[in-house]
Amino acid sequence: MECSFYSRPFKKGWIVSGTNDTAAAVVGNGSQVTLPNPKRKPHRSEDGVKMAMVLTEEEEVAAGQSTSVAPTLIFGSFSFAMDGPRGLERATKHAKLYLHPVFFASAPVLISILLGASFSRYQVEESVEHLLAPQHSLAKIERNLVNSLFPVNRSKHRLYSDLQTPGRYGRVIVTSFQKANMLDQHHTDLILKLHAAVTRIQVPRPGFNYTFAHICILNNDKTCIVDDIVHVLEELKNARATNRTNFAITYPITHLKDGRAVYNGHQLGGVTVHSKDRVKSAEAVQLTYYLQSINSLNDMVAERWESSFCDTVRLFQKSNSKVKMYPYTSSSLREDFQKTSRVSERYLVTSLILVVTMAILCCSMQDCVRSKPWLGLLGLVTISLATLTAAGIINLTGGKYNSTFLGVPFVMLGHGLYGTFEMLSSWRKTREDQHVKERTAAVYADSMLSFSLTTAMYLVTFGIGASPFTNIEAARIFCCNSCIAIFFNYLYVLSFYGSSLVFTGYIENNYQHSIFCRKVPKPEALQEKPAWYRFLLTARFSEDTTDGEEANTYESHLLVCFLKRYYCDWITNTYVKPFVVLFYLIYISFALMGYLQVSEGSDLSNIVATATQTIEYTTAQQKYFSNYSPVIGFYIYESIEYWNTSVQEDVLEYTKGFVRISWFESYLNYLRKLNVSTGLPKKNFTDMLRNSFLKAPQFSHFQEDIIFSKKYNDEVDVVASRMFLVAKTMETNREELYDLLETLRRLSVTSKVKFIVFNPSFVYMDRYASSLGAPLHNSCISALFLLFFSAFLVADSLINVWLTLTVVSVEFGVIGFMTLWKVELDCISVLCLIYGINYTIDNCAPLLSTFVLGKDFTRTKWVKNALEVHGVAILQSYLCYIVGLIPLAAVPSNLTCTLFRCLFLIAFVTFFHCFAILPVILTFLPPSKKKRKEKKNPENREEIECVEMVDIDSTRVVDQITTV
């Protein structure tokens with residue numbers, strides 16, 4: 001019997017079929033007919049593709065009389081339970097894409113250009129806190145309360161924080177290359193010279209030059225606030241000048257000449273102490289200069305002063321090469337965060353060139369007619385147009401750019417490339433003798449249903465991430481931008497790329513060169529041409545194909561040939577499977593080891609470019625000043641009985657274990673030195689506090705730590721006060737500080753004294769873990785819900801079961817291996833994990849659908865068929881994606897480093913599952929295909945035999961059909 005698969009060209013005399021209701025045949029004269037056949041069902045080939053429907057004797061007679069062309073599409077791949085493919089086919093025909101390809105191709109271009117013009121409104125997000133700090137957190141409420149009671153500007157020399165100190169300031173760490181003592185005479189003089197140079201910095205403005213004295217924060221005596229370490233160094237210098245030997249610096253609290261006790265834990269680093277905390281040497285000294293920013297003019301002057309400050313420090317270091325200085329300002333974090341975009345430009349251009357090259361190569365073959373290099377390029381153009389459209393919409397709606405948007409093109413690349421390559425793969429399975437209209441409809445019917453479902457999954461998962469449930473603004477706007485880009489990418493693939501497919505289809509049907517679009521001459525006309533000319537015009541004509549040859553000319557494509565002839569047989573080999581299973585067990589073991597070590601990264605230096613002020617300063621800060629935590633403000637926000645001894649004991653108990661800078665403890669010690677009981681009556685306690693303790697020079701600075709209130713009877717009460725606590729740590733660990741914050745908060749809820757604790761870094765750390773995991777958690781739930789819900793709509797719910805298990809396996813492995821690769825769970829990595837869910841579904845869903853829906857033959861046969869049908873598109877998109885990621889690894893930025901590692905792991909682990917794990921596991925896990933065959937096939941199955949006869953003119957005709 002002569003029968004054909006749908007993916008091959010028809011020959012005269014072959015009997016074919018398209019639907020369950022009709023049977024189509026090509027009779028001896030080559031005409032095609034359609035006949036009613038309500039009872040017949042199509043057979044299947046060994047590859048699982050629908051085979052020809054044979055005709056009854058009555059239908060044979062009708063076939064000989066009818067010459068009408070079948071209106072139905074005679075093409076198929078694997079079946080769906082719903083009428084999705086046929087619906088897409090009919091929709092494509094009614095849309096008449098093949099009649100108006102110019103319109104469908106030009107409309108996306110015009111829309112992108114018009115929206116791209118909105119880049120004139122391009123803005124950059126200036127506030128790092130707005131992007132990376134949780135939007136709704138208790139720390140922000142606490143900060144508002146603290147600012148209403150004790151303005152932070154009045155205590156910046158006390159409420160120290162590494163990178164998050166509010167307001168304008170300049171900071172510098174001075175150390176030596178030889179680990180010298182920075183408190184010796186030479187380095188002391190050097191630091192004081194640097195201090196003098198900084199205070200002389202001028203910011204020219206029309207009519208006036210601003211210096212540090214004009215924009216500094218003033219003390220109560222109208223002098224500039226400078227770090228206490230400056231006063232310590234000046235006293236040390238004077239002591240050496242007068243040969244005084246009794247001057248000693250203690251650590252972490254020392255006393256100035258006016259008797260004030262000051263904290264120097266964040267001003268002296270790498271300290272070596274003698275007995276009784278006396279400082280022997282210090283390897284680093286840190287100076288901080290706080291500036292006012294009370295209005296726009298003042299803020300602009302302060303910003304320019306910060307820039308001049310960095311320049312002054314660099315010039316000073318050039319003239320003193322033996323010391324190393326690390327300047328840092330309030331603008332450094334923002335500038336270094338946005339610097340990632342600037343340093344990435346040339347690497348992204350390189351990435352684009354590599355992806356274009358690889359896409360063109362993947363779509364090319366030796367046959368100059370059937371090669372599709374332009375489709376590889378136009379696939380990237382489609383993605384670029386969608387990304388440009390999304391960026392234009394973001395600009396028009398008032399959105400602002402930030403460096404996390406660098407990940408959006410790679411999200412688009414992973415999704416868009418697979419969709420375009422899958423369409424190209426479907427085109428290769430169509431018959432060449434069909435009209436472009438039929439071939440285009442067949443492509444949409446075969447590929448767009450799965451592409452539509454995966455696009456819907458992207459929109460759901462990223463849409464949840466773009467919802468108000470996401471507490472990190474950077475994650476929310478990234479998901480919003482990705483949703484818009486993916487939506488327009490879907491529309492542009494339907495229109496722009498589909499139109500490109502129509503153009504190349506006409507070029508192919510007319511036997512024109514795929515690059516130069518000129519008519520390709522017959523092989524006999526090229527005999528006298530040079531070898532290189534014949535090579536460029538190599539093509540296979542359909543009339544050159546003999547009747548006994550397979551007509552699928554696309555099998556000469558390198559990747560198709562590799563998968564079909566070599567890889568499918570190798571991966572399903574009995575001797576290969578044990579090694580793949582063993583490798584998967586090793587994969588799970590290492591993933592589990594990494595998963596148990598997952599850490600949350602709230603360190604802001606992880607999102608900035610390398611070789612920047614922020615990284616250098618943070619490294620020095622961690623090296624020299626990690627013995628103590630940031631200064632934590634302890635605020636008692638209600639009136640309590642400070643004179644009550646039991647309350648005094650409670651307050652001291654709450655702050656036990658900390659290094660304390662406290663008016664309360666100093667006042668109690670002051671009373672004890674005067675041999676006065678600390679349990680004084682309220683009036684005596686308050687009067688002595690106001691009129692005696694706070695009037696003493698060594699305690700006068702505590703005045704700003706207490707708020708008094710006078711009642712109607714002239715009675716004075718302490719309505720609020722603050723103290724400062726510093727925890728001793730071996731290393732400044734973010735998780736350790738977060739645990740400390742949570743412990744103090746729980747204590748504040750249960751304690752008799754109502755207090756809050758605050759440090760500017762708490763704004764970034766508070767609820768960071770829950771805020772960070774929320775978009776990933778919500779996206780996972782939405783993805784699982786969508787998979788569960790769609791299980792009732794697809795042909796077999798087993799598809800969704802396998803897909804869910806695959807997604808879990810991939811995500812588990814990515815999280816584990818990224819931890820082993822020293823990637824923390826921060827904003828960037830969480831966004832990549834959300835993308836990983838969709839990327840896995842994108843690549844694995846078609847493979848699993850083809851396998852699960854296949855019937856009647858062995859699992860191994862269906863695994864091979866699934867790889868042959870979809871493996872080429874997966875392999876092409878993977879090669880382009882990896883090539884595009886490689887330049888990202890060279891970008892000198894921590895943000896892009898995290899982005900590269902996460903995306904590379906997602907792509908590699910997904911590829912490993914598609915081409916190794918799933919093909920092996922599916923061959924031996926139930927259910928069995930043979931059992932399903934015995935269950936579903938009717939006992940009275942008809943076997944139909946087709947006998948053909950050849951007349952003297954070598955014309956093939958159907959002579960007899962026998963039912964067995």
Side-chain angles (χ1 to χ4, degrees), residues 95 97 101 103-119 122 348-349 351-352 355-356 358-359 363 374-397 399 401 404-424 443-444 447-448 450-463 465-466 477-503 831 834-835 838-839 841-843 873 876-877 880-881 884-885 903:
L97 179 70
F103 170 77
F104 285 101
S106 58
V109 177
L110 292 176
I111 293 173
S112 300
I113 293 175
L114 291 175
L115 291 175
S118 65
F119 271 90
Y122 171 84
L348 292 177
V349 172
S351 176
L352 178 62
V355 173
V356 168
M358 181 57 68
C363 296
W374 286 115
L375 285 183
L377 176 62
L378 292 173
L380 292 174
V381 172
T382 305
I383 297 171
S384 302
L385 291 176
T387 306
L388 179 62
T389 302
I393 292 175
I394 293 294
N395 288 330
L396 288 176
T397 54
Y401 177 85
T404 60
F405 282 9
L406 289 174
V408 174
F410 293 95
V411 171
M412 298 297 300
L413 198 65
H415 178 57
L417 277 179
Y418 179 74
T420 55
F421 283 133
E422 187 69 27
M423 290 181 68
L424 181 57
V443 168
Y444 278 75
S447 61
M448 289 311 296
S450 61
F451 186 65
S452 300
L453 293 177
T454 53
T455 299
M457 184 67 76
Y458 271 91
L459 294 177
V460 169
T461 52
F462 279 109
I477 60 178
F478 179 93
C479 291
C480 180
N481 195 1
S482 299
C483 273
I484 298 173
I486 288 167
F487 175 73
F488 279 97
N489 179 72
Y490 177 74
L491 297 181
Y492 290 175
V493 167
L494 286 175
S495 55
F496 180 83
Y497 192 77
S499 301
S500 304
L501 203 61
V502 170
F503 285 124
L831 292 173
I834 296 175
Y835 167 65
N838 300 282
Y839 185 83
I841 294 175
D842 239 349
N843 290 271
Q876 287 173 324
S877 62
C880 294
Y881 194 68
L885 281 180
L903 293 180

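Throughout, numbering of the chain's residues begins at 1 and tracks the sequence. Side chains are part of it too, since the values below use all heavy atoms of this structure and drop only hydrogens, waters and symmetry mates.
In this structure the side chain of Thr389 reaches within 4.5 angstrom of the side chain of Tyr492, judged on heavy atoms. Contact annotation: the side chain of Leu348 approaches that of Leu406 to within less than 4.5 Å [non-hydrogen atoms, C-beta and beyond]. Counting only heavy atoms from C-beta outward, the side chains of Leu375 and Leu501 approach each other to under 4.5 Å. In this structure, the side chains of Cys480 and Ile484 come closer than 4.5 Å at one or more pairs of heavy atoms.
Of the possible donor and acceptor atoms, one in the side chain of Thr397 sits under 3.5 Å from a partner among the backbone N and O of Ile394. Ser118 places a side-chain N or O within 3.5 Å of a backbone atom of Gly392 that can act as its donor or acceptor partner. No donor-acceptor pair under 3.5 Å is formed between the side chain of Asn489 and the backbone N or O of Ala386.
Between the OG atom in Ser450 and the CG atom in Asp842 there is a gap of 8.5 Å [rounded to 0.5 Å]. Remark: Met423 CE to Leu494 CG distance equals 7.0 Å, nearest 0.5 Å. We find the CD1-OG distance between Ile834 and Ser482 to be 9.0 Å, quoted to the nearest 0.5 Å. Here Leu377 contributes atom CG and Thr382 contributes atom OG1; the two are 9.5 Å apart, rounded to the nearest 0.5 Å. With values rounded to the nearest 0.5 angstrom, Met448 atom CE is found 7.0 Å from Thr455 atom OG1. The CD atom of Glu422 sits 9.5 Å away from the OG1 atom of Thr454 when rounded to the nearest 0.5 Å.
Closest non-hydrogen pair, Ser877 versus Asn843, comes out as OG-OD1, 4.0 Å. When every heavy atom of Cys880 is checked against every heavy atom of Met358, the shortest pair comes out as SG-CG, 3.7 Å. For the pair Cys363 and Leu424, the tightest heavy-atom approach, listed with the atom from each and the gap, is SG-CD2, 3.5 Å. In this structure, Phe462 and Cys479 approach most closely via the heavy-atom pair O-CB, 3.2 Å. Here the closest heavy-atom approach between residue Phe104 and residue Ser499 is recorded as CB-OG, 2.9 Å. In terms of heavy atoms, Phe410 sits closest to Ser351 at CE2-OG, 4.2 Å.
Ring-plane geometry between Tyr835 and Tyr839 is classed as tilted, the angle between the planes lying from 30 to 60 degrees on a 0 to 90 degree scale. Relative orientation of the Tyr401 and Tyr122 rings is tilted, given thresholds of 30° and 60° on the angle between their planes.
Scored by the side chain to side chain donor-acceptor pair (under 3.5 Å) test, Ser500 finds no partners at all (sequence neighbours excluded). For Thr387, the side chain to side chain donor-acceptor pair (under 3.5 Å) test picks out no residue, with sequence neighbours left out.
Of the candidates Leu396, Asn395, Leu110, Leu385, Leu115 forms a side-chain contact (heavy atoms from CB on, under 4.5 Å) with just one, namely Leu396. Just one residue in the list Val355, Leu903, Leu352 forms a side-chain contact (heavy atoms from CB on, under 4.5 Å) with Leu413, and that residue is Val355.
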task = Apply side chain to side chain contact (heavy atoms under 4.5 Å, CB included) to Leu417 and Leu380, showing your working.
result = CA-CA 7 Å; Leu417 277 179; Leu380 292 174; 3.8 Å; yes

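Atom CZ of Phe487 has 12 or fewer neighbouring heavy atoms from other residues, nucleotides or ligands inside a 6.0 Å radius. Within a 6.0 Å sphere centred on CZ of Phe103, other residues, nucleotides and ligands contribute 12 heavy atoms or fewer.
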